[in-house]
Structure formats: structure tokens, C-alpha cells
Amino acid sequence: MLQVAYIRENRAQVLERLAVKNFKYPELVDEIIKLDEDRRQTQSKLDAISAEANAAAKQIGDLMRQGKKEEVEAIKANTGSLKEQIKTLSDQFNELEQQLQQQLVQLPNLPHLSVPKGTSADDNEIVLEHGIKPNLIANALPHWELAAKYDLIDFELGNKIAGAGFPVYKGKGAKLQRALINFFLDRAEAADYREVQPPIVVNEASGFGTGQLPDKEGQMYHIGMDNLYLIPTAEVPITNLYRDVIVKEEELPIKNCGYTPCFRREAGSYGAHVRGLNRLHQFDKVELVQLAHPDQSYQILDEMNTHVQSLLQALELPYRVLRLCGGDMSFTASLTFDMEVWCAAQARWLEVSSVSNFETFQSNRLKLRFKGKEGKPQLVHTLNGSALALPRIVASLLENNQTENGIRIPKALVPYTKFEWIN
RNA sequence: GGAGAGAUGGCCGAGUGGUCGAAGGCGCCUUCCUGCUAAGAAGGUAUACGGGUGACUGUAUCGAGGGUUCGAAUCCCUCUCUCUCCGCCA
């Protein structure tokens with residue numbers, strides 16, 4: 001959520017930035033400015049009358065102590081109309097605040113100046129490509145067939161007990177999951193992230209804090225009876241650890257990481273592109289979350305970017321880094337880098353990580369601030385990134401590393417899997 | 001799920017319907033003092049939104065929301081959460 005004062009004072013710039021995200025209702029900006037104007041005027045009136053009423057009440061108190069009953073009655077005669085005015089104005093004020101809030105949450109975050117214009121994934125800027133695409137053996141198989149061939153993942157069985165998109169990992173397939181999670185967590189720990197294990201359901205306030213709610217209910221599984229949501233990413237619970245918190249400036253940056261399963265309804269997805277592990281309703285992911293000083297957040301974004309790349313390099317996977325264009329970025333982000341790995345048998349790039357700086361968009365909703373020795377509390381910048389999401393990593397490992405003799409596990413992972421081959 | 005108790009500032013904790021944005025303690029910050037691993041003294045120390053170039057100032061906030069009252073941390077109602085005991089259970 002953008003800050004009203006910022007919108008008010010930087011109207012032209014806000015409009016210009018929103019255009020980069022192809023925001024469809026720029027008139028909302030002026031509606032917000034108008035509502036804010038009304039709100040402030042109403043507050044001024046309300047405050048003045050409340051002050052008057054407070055003064056009268058205080059005076060009555062003094063007079064009562066002196067036993068001057070008649071004078072008290074004279075003052076009381078006036079307070080009735082003050083009360084009515086206060087009631088009317090505060091109703092107005094609450095209404096205006098509510099409207100303002102409703103409008104504000106509809107504005108997406110402003111993209112960073114480096115974000116290219118564009119309308120779809122085709123307009124994303126390829127920042128770099130790393131590694132060499134493997135030459136596959138003849139009769140190379142896509143990962144879903146490899147998973148069946150080596151009895152690693154059972155999509156049918158998952159279908160039976162839950163539904164499509166909930167695979168069952170078996171034997172070395174299951175061990176590979178566990179190995180990847182531990183590998184990613186160890187790497188995060190080595191980079192000074194503190195590991196946390198958050199709940200995998202969250203309440204509404206948490207969903208609002210990181211920007212999933214309102215409006216994106218359809219992407220999350222909802223437990224109606226208890227009004228809880230299954231998390232779509234660990235970003236939600238981990239960032240919300242700091243909701244309504246004022247941290248000390250010298251504690252920044254605050255680095256947390258965590259492994260969780262993630263749940264996504266993925267309503268409307270279909271076709272060959274969602275086969276196998278390409279798109280699931282439940283998957284595992286290790287997430288990095290940082291709270292940063294505004295002066296440092298872009299440097300930290302680069303560091304996170306580098307961290308994710310180091311994981312892909314360790315896993316010997318060819319990858320590329322994209323700078324997302326305005327049209328492909330999320331509602332909440334200021335700048336996002338996506339990492340995609342090459343899946344050789346499908347001959348496709350698959351997104352495995354998304355690293356973003358949200359600047360103050362989330363922290364404004366979360367009321368997450370920092371305070372130095374002097375001065376007012378300021379909103380922190382929040383950042384997060386997948387490091388990494390498992391399914392497409394597995395897809396790529398299986399497809400890229402298939403040989404006549406089985407599937408080779410990359411060296412860095414062998415201490416975790418305790419096996420070098422799947423065969 | 002049943003019964004009871006409770007929710008006050010960073011923490012602990014007091015609070016009679018007016019003198020309470022809130023005693024006291026701890027913590028923290030600044031200054032002073034004392035030459036010694038420390039102690040003492042003074043002052044300061046919530047947040048949001050307004051108004052003012054600024055010093056400053058108004059309003060709101062004692063779990064949340066309503067109500068009673070000229071006036072509510074204090075009285076009433078609803079909700080949420082926490083704790084204790086019982087039940088169930090990994």
C-alpha cells in the first residue's frame with residue numbers, strides 16, 4: 001500500500017510510474033487525493049469541536065469540586081449540541097477513512113526506475129544467462145516419464161488421495177526432496193539467515209499484511225470453519241512475524257529464512273505447460289525474507305540475487321536471470337528478478353525463483369517500522385526470494401542429468417542425498 | 001468441548017468515573033559526579049492522524065468494537081485472545 005502523503009505530494013510521478021505497470025485506473029489517484037483532502041478537513045473540524053467538548057467537561061469537573069451546581073448546569077446546556085456534532089463528524093470521518101483505505105489498497109506498488117515497460121512475460125529483460133545447455137542422450141524423456149521410470153514420483157496416487165497437483169514422492173524421489181530442503185537451508189544459514197519454522201496457515205490480517213488480501217483470495221486455499229488460509233509462500237508468515245513491530249535501526253538488515261510447503265489453487269491453469277512438476281497445488285520451498293534499511297535495500301536485493309544464483313551454480317543447472325517488466329510484475333513488488341532453469345527434455349525455461357524488493361509497500365500495510373536514536377519511526381523495506389522452490393529444480397535435475405545409466409546427482413547434493421545415482 | 005480468571009506503555013505493575021497519556025519499579029538515552037570491574041544525582045524516554053516554516057499544538061489510543069455519562073483505563077454489552085482446572089488427544 002502506498003502512503004497517502006507520498007501520493008499527495010508526488011502526484012505526477014505516481015501516475016508516470018503506474019503507467020509502467022499498465023495500471024488501468026489512473027483516475028483512482030485523483031480520487032484518493034480528493035478523499036484525503038476531505039478526510040483532513042473533516043478531522044480538523046472534528047478535532048476542534050472535540051477540544052471544545054473536552055474543555056467543557058474539564059470545567060464541569062472543576063466546578064463540581066467547588067460545589068457550583070448552577071454554573072455546571074449552564075455549561076451542560078451547551079454540550080448536547082457539541083455531542084451531536086461530534087457524532088456526525090466522526091461518522092463522516094470514519095466513512096471517509098474507510099473509503100480512502102478501500103481505494104488505497106487497489107493501487108499497486110510503484111515500479112523501480114529500472115523496470116522496463118512491457119505488457120507480458122515476452123517483454124522481460126534477460127539480464128544474464130549462465131551455464132551450458134546439456135546435449136541429451138537419444139530418447140531423452142521429460143521428467144514426468146523419468147519419475148515414473150525410476151519410481152520417484154506418483155502423480156496418480158496423489159490424485160487418488162488428494163487431487164491433481166498433489167504428487168506423492170517415493171523412495172529416492174522423497175529423499176531428493178529432503179536433501180534439497182536441507183541443502184538450501186544450510187546455504188541460507190551460511191549466508192547469515194536465521195531459520196524459522198512458521199505456521200503454514202495464516203489469518204486474514206497476515207494475508208492483508210503481505211498483500212494477498214483483499215482481492216487474491218482465489219489463489220489461496222481457505223479453511224472456512226476457522227477463517228484461515230493455507231500459505232501460498234513462506235513469505236506470508238515470515239514477513240508477518242514483524243507486523244506491528246518497530247525494530248531498532250541498528251538491527252537492520254534482519255534476515256530470516258524458512259522451509260515450508262506452499263499451497264496454491266492455480267485456478268485456471270491447464271494444458272501441457274502444467275504437466276508433471278511444472279505446476280502444482282502443493283510444493284516445497286525455502287524462502288528468504290529480509291527487512292532492510294531503505295538506503296540498503298537495492299544492494300541487498302543484489303545480494304539475494306547472487307545467493308540464488310550460487311545455489312543454481314552449485315546444482316550445475318543452466319539458468320538465466322530476468323528483470324521483470326512492468327506488466328509481468330506482481331501487484332506488490334517494486335523490482336523483481338526471476339531465475340529460470342533450463343529443462344532440457346522439455347526444452348523450456350522454468351521459473352524457480354523470484355527475488356523482489358517491495359520497498360515500503362508491505363511494511364506500510366504491516367506497520368513495520370524502524371527507529372534510530374533520533375527522529376520518527378520510518379517504514380522498513382521488505383524483500384524476499386525463493387531459494388529455492390523444489391519441483392522445477394527436480395524437473396530440471398532429472399531431465400538434464402539423465403544418462404544411459406540413470407540420473408546423476410550433482411556433487412554438491414550428494415552429501416545430502418547420500419546417493420550419486422538414481423537408477 | 002465444559003467451568004473459572006484475566007488483558008494497562010519496551011518489560012513488570014498501580015489505578016477511587018473528573019486533578020490519568022496514565023503512579024511506582026526495571027530497562028534504555030542524555031548530562032553531571034566519583035579515578036578504578038561499580039555506584040550515585042538530574043532530566044528525558046509510546047504511536048497514529050491533523051494544524052504550524054518552526055518552537056509547538058489539537059485529537060485519538062489502557063485487547064477490539066459498541067453503549068451509559070457533561071466527562072470512562074475505571075460502569076454496561078458484544079467479540080477476540082491469554083491463563084488455570086476438567087475432558088479429549090499427537
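- In terms of modelled atom types and a separation under 3.5 Å, the side chain of A:Arg365 and the main chain of A:Phe208 share a donor-acceptor contact.
- Summarising the geometry, the separation between CD on A:Gln85 and P on B:rU59 is reported as 16 Å, rounded to the nearest angstrom.
- Remark: A:Glu249 does not engage A:Lys371 in a salt bridge, criterion side-chain N to carboxylate O under 4.0 Å.
- Every residue two or more places apart in sequence or in another chain was checked for a side-chain contact (heavy atoms from CB on, under 4.5 Å) with A:Thr306, and none qualifies.
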Distances for protein N/O vs nucleotides 28-30 of chain B N/O pairs under 3.5 angstrom?
none

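- Taking A:Leu157 as the reference, A:Asp154, A:Lys160, A:Val168 meet the side-chain contact (heavy atoms from CB on, under 4.5 Å) condition, with sequence neighbours excluded.
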What pairs of nitrogen or oxygen atoms, one from the protein and one from nucleotides 60-62 of chain B, lie under 3.5 Å apart?
{"unit_1": "B:rA60", "atom_1": "OP2", "unit_2": "A:Asn54", "atom_2": "ND2", "d": "3.3"}

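- Applying the side-chain contact (heavy atoms from CB on, under 4.5 Å) criterion to A:Arg40, with sequence neighbours excluded, gives A:Arg8, A:Asp36, A:Glu37.
- For residues 156-191 of chain A, the set of pairs meeting the ring pair (Phe, Tyr, Trp, His ring centres under 6.0 Å) definition, not counting sequence neighbours, comprises A:Phe166-A:His281, A:Phe183-A:Tyr416.
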What does the list of N/O pairs under 3.5 Å between the protein and nucleotides 15-20 of chain B look like, with a distance for each?
{"unit_1": "B:rG18", "atom_1": "O2'", "unit_2": "A:Arg65", "atom_2": "NH2", "d": "2.8"}
{"unit_1": "B:rG18", "atom_1": "N2", "unit_2": "A:Ala57", "atom_2": "O", "d": "2.8"}

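- Scored by the side-chain contact (heavy atoms from CB on, under 4.5 Å) test, A:Glu195 finds A:Leu185, A:Cys257 as partners (sequence neighbours excluded).
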Its dot-bracket string being built from Watson-Crick and G-U pairs below 3.5 Å, with | for another strand and [ ] for crossing, RNA chain B has the pattern ((((((((.[[[..)..(.....]]]((((((.......))))))((((((....)))))).[[[[[..)....]]]]])))))))....
Using a 3.5 Å cut-off and no angle test, enumerate the donor-acceptor pairs between side-chain atoms of residues 379-391 of chain A and protein atoms at least two apart in sequence or in another chain.
{"unit_1": "A:His381", "atom_1": "ND1", "unit_2": "A:Ser297", "atom_2": "OG", "d": "2.7"}
{"unit_1": "A:Thr382", "atom_1": "OG1", "unit_2": "A:Gln362", "atom_2": "OE1", "d": "2.7"}
{"unit_1": "A:Asn384", "atom_1": "ND2", "unit_2": "A:Glu235", "atom_2": "OE1", "d": "3.4"}
{"unit_1": "A:Asn384", "atom_1": "ND2", "unit_2": "A:Glu235", "atom_2": "OE2", "d": "3.4"}
{"unit_1": "A:Ser386", "atom_1": "OG", "unit_2": "A:Ser354", "atom_2": "N", "d": "3.1"}

Can you give the donor-acceptor pairs under 3.5 Å from side chains of residues 106-115 of chain A to other protein atoms, not counting sequence neighbours?
{"unit_1": "A:Gln106", "atom_1": "NE2", "unit_2": "A:Gln102", "atom_2": "O", "d": "3.2"}
{"unit_1": "A:Asn109", "atom_1": "ND2", "unit_2": "A:Thr332", "atom_2": "O", "d": "2.9"}
{"unit_1": "A:Asn109", "atom_1": "ND2", "unit_2": "A:Ser334", "atom_2": "OG", "d": "3.0"}
{"unit_1": "A:Asn109", "atom_1": "ND2", "unit_2": "A:Phe358", "atom_2": "O", "d": "3.1"}
{"unit_1": "A:His112", "atom_1": "ND1", "unit_2": "A:Ser114", "atom_2": "N", "d": "3.1"}
{"unit_1": "A:His112", "atom_1": "ND1", "unit_2": "A:Ser114", "atom_2": "OG", "d": "2.8"}
{"unit_1": "A:Ser114", "atom_1": "OG", "unit_2": "A:Arg323", "atom_2": "NH1", "d": "2.7"}

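- Take A:Tyr319 and apply the ring pair (Phe, Tyr, Trp, His ring centres under 6.0 Å) test, not counting sequence neighbours, and it matches A:His130.
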